[in-house]
Every structure is written in structure tokens, then in C-alpha cells.
Amino acid sequence: MSEDDNNMEEYPTEIHDYLTAFEKSLGSVDEMLKTMMSVSRNELLQKLDPLEQAKLDLVSVYTLNSMFWVYLATQGINPKEHPVKQELERIRTYMNKVKEIADKKKASKLDKGAASRFVKNALWEPNAESEHTSKTPAKGKKRQ
């Protein structure tokens with residue numbers, strides 16, 4: 001009997017695909033952590049502007065707390081009743097604030113000078129038009 005056959009007997013076959021996907025996800029997380037740990041934090045932060053630094057910090061702390069959430073679940077502890085839930089909600093609040101700041105930064109800015117010139121040129125000026133129309137005779141019915 002091979003090792004795979006022994007493993008198949010330890011858990012129901014219905015969850016085999018889920019466990020395989022979970023194992024693959026853990027491998028991906030492990031690779032990402034190794035990549036992040038290969039560069040010193042100070043070196044990484046020096047390359048980023050303050051907004052990007054905030055994003056990196058928030059993603060890091062959110063990931064760490066999410067992993068702790070999963071750990072609690074694997075230990076049979078309900079993470080919804082643990083303080084980690086409030087911590088994740090607090091981090092999400094800050095993530096939304098940073099997203100709002102980033103969106104405001106990306107939003108187009110109004111050039112007031114260009115807008116006023118555009119409006120001024122687009123408006124009808126009564127003096128110039130009335131001089132032009134009063135000098136030319138009106139076409140249409142003749143007065144008798």
C-alpha cells in the first residue's frame with residue numbers, strides 16, 4: 001500500500017479537492033513570504049512613497065491576522081468570538097481610508113483658469129451680436 005492510499009483513508013474523499021487546493025494555497029503563501037522576507041523592510045520602505053508604505057503595512061498586518069484566524073479555526077476555536085475579528089475589522093477600516101486617499105489622489109483636478117476661459121468663450125455676448133444684426137436688413141416679409 002502506498003502513502004497516498006493511507007492518506008486517502010484518513011479523511012473523506014469528498015474533501016480531497018479542497019485539501020489539495022488548500023495545500024497549493026499554502027505553497028503560494030510560503031513563496032510570497034519568502035520573497036518578502038528576502039528584502040529587508042527598511043530597504044523596501046525606502047523605495048516606496050508614504051501612501052504605498054501604508055498600503056504595504058496594512059496588507060502585511062491583515063495577512064498576519066488572517067493567518068492567525070485560520071490557525072484558530074484549525075485548533076477548533078471559533079475566530080468569530082476571538083478578538084482577532086475586531087482587529088481585522090479595524091484594519092479593514094484603515095484600508096478603506098487609505099483607498100479613499102488613493103482615489104482622491106487619482107481623481108482629476110480642475111484647472112480653474114482653463115475652465116473660466118472655456119466658459120467665457122462659450123457664452124453669447126449680446127453687444128457683438130446686436131451690432132451685427134442691426135446693420136443687416138432682416139430677410140423675410142416686407143412691410144407695406
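L26 and L64 fall into different hydrophobic clusters, where Ile, Leu, Val, Met, Phe, Trp and Tyr residues are linked whenever their side-chain heavy atoms come under 4.5 Å apart, directly or through other members. Criterion: ILVMFWY side-chain heavy atoms under 4.5 Å apart, direct or through other members. Under it, V29 and L19 are not part of a common hydrophobic cluster. Taken together through direct or relayed side-chain contacts under 4.5 Å among Ile, Leu, Val, Met, Phe, Trp and Tyr, I77 and F68 form part of one hydrophobic cluster. In terms of hydrophobic clustering, with Ile, Leu, Val, Met, Phe, Trp and Tyr side chains grouped at heavy-atom distances under 4.5 Å, L48 and V39 are assigned to a common cluster.
Between R90 and E87 a salt bridge is recorded (basic side-chain N to carboxylate O distance below 4.0 Å). Using a 4.0 Å cut-off between charged nitrogen and carboxylate oxygen, K55 and E52 count as a salt-bridge pair.
N121 contributes a side-chain N or O that, together with a main-chain N or O of R117, makes up a donor-acceptor pair within less than 3.5 Å.
For the salt bridge (charged side-chain N to carboxylate O under 4.0 Å, His left out) with D103, the lone residue among K106, K105, K99 that qualifies is K99.
When every heavy atom of L45 is checked against every heavy atom of Q53, the shortest pair comes out as O-NE2, 2.7 Å. Of all heavy-atom pairs between I91 and L58, the closest is CG2-O, 4.0 Å. Closest approach of P79 and V84 over heavy atoms only: O-CG1, 4.0 Å. Nearest heavy atoms, K80 versus K85: O-CD, 3.4 Å.
Rounding to the nearest 0.5 Å places CZ of F22 at 7.5 Å from OG1 of T74. Interatomic distance, M32 CE to T63 OG1, rounded to the nearest 0.5 Å: 9.0 Å. From T13, atom OG1 reaches atom NE2 of H16 across 9.5 Å, with rounding to the nearest 0.5 Å. Of the inter-residue distances, the one linking Y62 atom OH with Y94 atom OH reads 16.0 Å to the nearest 0.5 angstrom. Here L88 contributes atom CG and T93 contributes atom OG1; the two are 10.5 Å apart, rounded to the nearest 0.5 Å.
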Take R41 and D57 through the test side-chain contact (heavy atoms from CB on, under 4.5 Å) and record every step on the way to the result.
-> CA-CA 10 Å; R41 181 168 167 72; D57 287 341; 2.3 Å; yes

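When side chains are defined from C-beta on, M95 does not count as touching V98, because their heavy atoms never get closer than 4.5 Å. Annotation: side chain of R92 is in contact with side chain of E89 (closest heavy-atom distance under 4.5 Å).
By the 6.0 Å contact criterion, CD on E23 is open, its count of non-hydrogen atoms from other residues, nucleotides or ligands being 12 or less.
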